Every structure is written in C-alpha cells, then in structure tokens.
Amino acid sequence: MASNYTPSDSPDNISECSSSSSSSSKIKDELLNDILMCGICLSRMTSPCCLPCAHSFCRSCLLDYAQNTTINSTTSMNFILCPYCKYQLNFRSFEHFESMLIINPILKQLCEALDSSKPTTCDQQQNQINGIYRARCHTCGLLKMLKICKHCAFMLCETCRRTHLLDVHRESKLQLNTLESRIELINKKRLEMDKKAEEYDEIRQRIQMYVQRFIHNIEQQRDQALQILNERQHANDEAFWTGNGFDNGEKLDFFNSLLRTGQKKLFAKNITDKDLMDLSDNLQTMPDVNEKLIESIQFTQLSLELDETYTNKQLIRVFDAQEITKKNDNNEQTNEMHS
C-alpha cells in the first residue's frame, strides 16, 4: 500500500511551519500594537484623536496633558507640544482645545476590533494627575517616564530634567552676577547724582538769598526816596500855609468862592441890600496877606535818577563748569598771542 507521506509532512517540518507562522503573527501584533499605542499612557488608544502633525493619542490623555501643561505654564499663551515631534498646538482656552479634538473613526474601529485595550492602572492615573507621562524624552529621545518642565514646558526624563535644571542654575548665577555688576554701577552713579542734587540745592539757596538781599536793598532805597519826598512835600506845605495867612485849604477855598460870588453880584444890575451887606461883612474877615512874604516862598526842587541798566543786565546766571574752563583756556591763548 502506497503511502502519502512525504518528507515535508514530517512532524518536524510541521512544527517548524507552525513556529514560523506564530512568530510572524507575533511580529505583526507587536507592530500593530506599536502603531495603535498612545504615546502618553503607552496603552492601546481609546477614542484616538489626531493632532495636526498626524500623531494620534487618546482623547482623555490629550485633555489631561493640555490641562497639566496649562496649569504649569508661566506664559499667557496656551499651547501643548506633541510628545513625539514637539509640534506646538496653540489654543485660546481648555474648552477651545477640547473642541479641536476630533476622533479618528478608522483608528477607533481598528482599536475596538482588536479588542485588546486595557484600562489605565492606578499608578498611571496617579502619574497623569502629577503631570508624569511615559513617552520619548525631548532631549535624549528615549522612552522613559517624563515630567513637564516648568521652566521650558518640555517633557523631560528625570536625568535630562536634572541636567537642564543645573544648566538653568548656572545660567541664573551668571545672570545674577551680571545684575550685581549693573546694580553696583547704577548705585554708584545714583550716589553721584544725589551729591549733584545737593550741590544744586545749595546753588538754589544761594540764588534765593541773593534775590532776597537784592529785593531788600531795593526796598530800602525805595523807602528812603519816598521818605525824602514826604519830608520835602511837608516842608513845602508848611512854608506855603504859614506865609499866606489863610492857615489851611478850607479857608482859602472859602475866599476863592467868595471872590467869584462877590464879583458876580457886584457886576449884576440888581443887587439887594442884604446881599451887599453880607458880602461886605465877609470881606471884613479877609486875613492880612504879606505879598512880599508870599513871593519869597521857595519850594524845594527834587530830581529823580533811576538805574535802568539792571533790566538789561543778567544779574543771575547758571552755567556748566566746563564753560569756565573753556573760557579760561581761551583767555590764556589770547594773552599768549598778544605777548
């Protein structure tokens, strides 16, 4: 009886084929798992959303990532960096970012068809709450547990983060040294400025004192001149009223009025006896006047002299000290030329 057995149908060959097929299937599964793995939680994606850079992540992971990045950010602009390529996605608010996430239906169906998603462990959930994710480090590119750096907003592993913080420490020290030197220079100049301000205050006081002395001297001269005028006017009044016999201005005004009235009545065609008698009685009271004495009265003649040159002269002048040095140098050169 013939047998259908062939060498290829031996148990060893069958086992090798089965092993090769299993190995190929495992490689395909691993490759598919890598493709469908979220780069943030490192698990099969759930509700996969694609960023503009074409990298996909779980919707919940992106929301947590954006929220932690926004909280730790010191800038006014809201953005996230793709954990893979560091593409920067800007958004106005967390609600705006949430509306930007659109689920990829093909990836979702593929993940659901494989039905191999696993829930996030408690440690992973706690790490996400603390802002810690497992992804590729921005600096070294290795797949490690990452944390968002509050200084640069990149996701770094612990080693790279420590190195980065040491660099920040050295840079901050250099900046502090620069700031110290600048502050020292500024404080030195500020002291110099304060000394100049004190000198300016002294000059200001000297100007005020000079003006006060000037005003005081002018007022003294004014008072002396007015006193002389008053004395001379009083002397003239005394000499006039003492020599004319009328004693005061009221009495003189009365006789001036009597003169005008009397002349008018005497030259009138009709004058009553009573008016004539009243005029005669008033004329009898006229004082004796020594005409020679009145003519001999001399009034003091005064003259006024005012110095108007001060109005055209700059009595107060403030100028830079360099002008004096320059002026002295010019004078020395002039003297040398003449000599």
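What's counted below: heavy atoms across the whole structure, side chains too, no hydrogens, waters or symmetry copies. The first residue of the sequence shown is numbered 1, and numbering continues consecutively from there. As the structure is a computational prediction, the values presented were derived from the model and not from experiment.
- Side-chain contact of Gln220 with His216: a donor-acceptor pair under 3.5 Å is present, judged by distance alone.
- In this structure the side chain of Ser47 never reaches within 4.5 angstrom of the side chain of Cys58, judged on heavy atoms.
- Atom CG of Leu229 is separated from atom CD of Gln224 by 12.0 Å, given to the nearest 0.5 angstrom.
- Within the structure, every pair that satisfies the ring pair (Phe, Tyr, Trp, His ring centres under 6.0 Å) test and touches residues 162-206, not counting sequence neighbours, is listed here: His151-His164.
- Remark: Asn187 CG to Glu192 CD distance equals 13.0 Å, nearest 0.5 Å.
- Considering all non-hydrogen atoms of both residues, Leu81 and Tyr65 come closest at O-OH, 2.6 Å.
- With sequence neighbours excluded, the residues forming a salt bridge (charged side-chain N to carboxylate O under 4.0 Å, His left out) with Arg162 are Glu158, listed by chain and number.
- Residues Pro52 and Tyr87 are in side-chain contact: their nearest non-hydrogen atoms beyond the backbone lie under 4.5 Å apart.
- Nearest heavy atom pair, residue Leu51 against residue Phe57, reads CD1-CE1, 3.8 Å.
- The closest side-chain donor-acceptor pair between Asn90 and Gln88 falls under 3.5 angstrom.
- In this structure, Phe94 and Leu63 approach most closely via the heavy-atom pair CE1-O, 3.4 Å.
- Side-chain contact between Leu306 and Leu304: present, with at least one pair of heavy atoms (C-beta onward) separated by less than 4.5 Å.
- Annotation: ring pair (Phe, Tyr, Trp, His ring centres under 6.0 Å) contacts of His55 (sequence neighbours excluded): Tyr84.
- The shortest side-chain heavy-atom distance between Cys50 and Ile102 does not fall under the 4.5 Å cut-off.
- When side chains are defined from C-beta on, Arg59 does not count as touching Met45, because their heavy atoms never get closer than 4.5 Å.
- Ser43 is not listed as a side-chain neighbour of Met37, based on a closest heavy-atom distance of 4.5 Å or more.
- Once rounded to the nearest 0.5 Å, the distance linking OG1 of Thr300 with CD of Glu231 reads 10.5 Å.
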